[in-house]
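Below: the structure, in structure tokens.
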Amino acid sequence: MGKNKGKPGVMLYFELCDTVQMMTQSEKGDLLDAILTYGRSGVEPTFSDRAMAMLWSRIRLDIQRDDQRYEEVRARRAAAANKRWHPET
């Protein structure tokens, strides 16, 4: 399954809109491919363009932060389910 551990996807934030609107369609496509590939498998892209590399480093941090939050929520919910269905007597 790769890196995603059952995660349904990745979040995209509106704060990227202004930056993404300045990109060409090709750059947008490359960025979306990178986001989805990294979110699913953890394979990090390499960009030869400095601006794309800088933008990617920001997006990668967002994905990593969201992955951590997802795992924390998943673990809390699993613990609550176990407590409910397997109470200690």
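Of the inter-residue distances, the one linking L16 atom CG with M23 atom CE reads 9.5 Å to the nearest 0.5 angstrom. How far CG of L12 is from CD1 of I35: 5.0 Å, rounded to the nearest 0.5 Å. Here the straight-line distance linking atom CG of L55 with atom CE of M52 works out to 7.0 Å at 0.5 Å rounding. Considering CZ of R76 and CD of E71, their distance stands at 11.0 Å, rounded to 0.5 Å.
A salt bridge does not link E72 with R69: every distance from a Lys NZ or Arg NE/NH1/NH2 to an Asp or Glu carboxylate oxygen is 4.0 Å or more.
Ring planes of F47 and W56: tilted class, angle from 30 to 60°.
Nearest approach of M54 to S57, heavy atoms of both residues: O-OG, 2.7 Å. Y38 approaches Q64 most closely through the heavy-atom pair OH-NE2, 3.0 Å.
Hydrophobic clustering (ILVMFWY, side-chain heavy atoms < 4.5 Å, transitive): L32 and M11 are in distinct clusters.
The salt bridge (Lys or Arg N to Asp or Glu O under 4.0 Å) pairs that include a residue from residues 45-59 are E15-R58, R58-D62, where partners are two or more places apart or lie in different chains.
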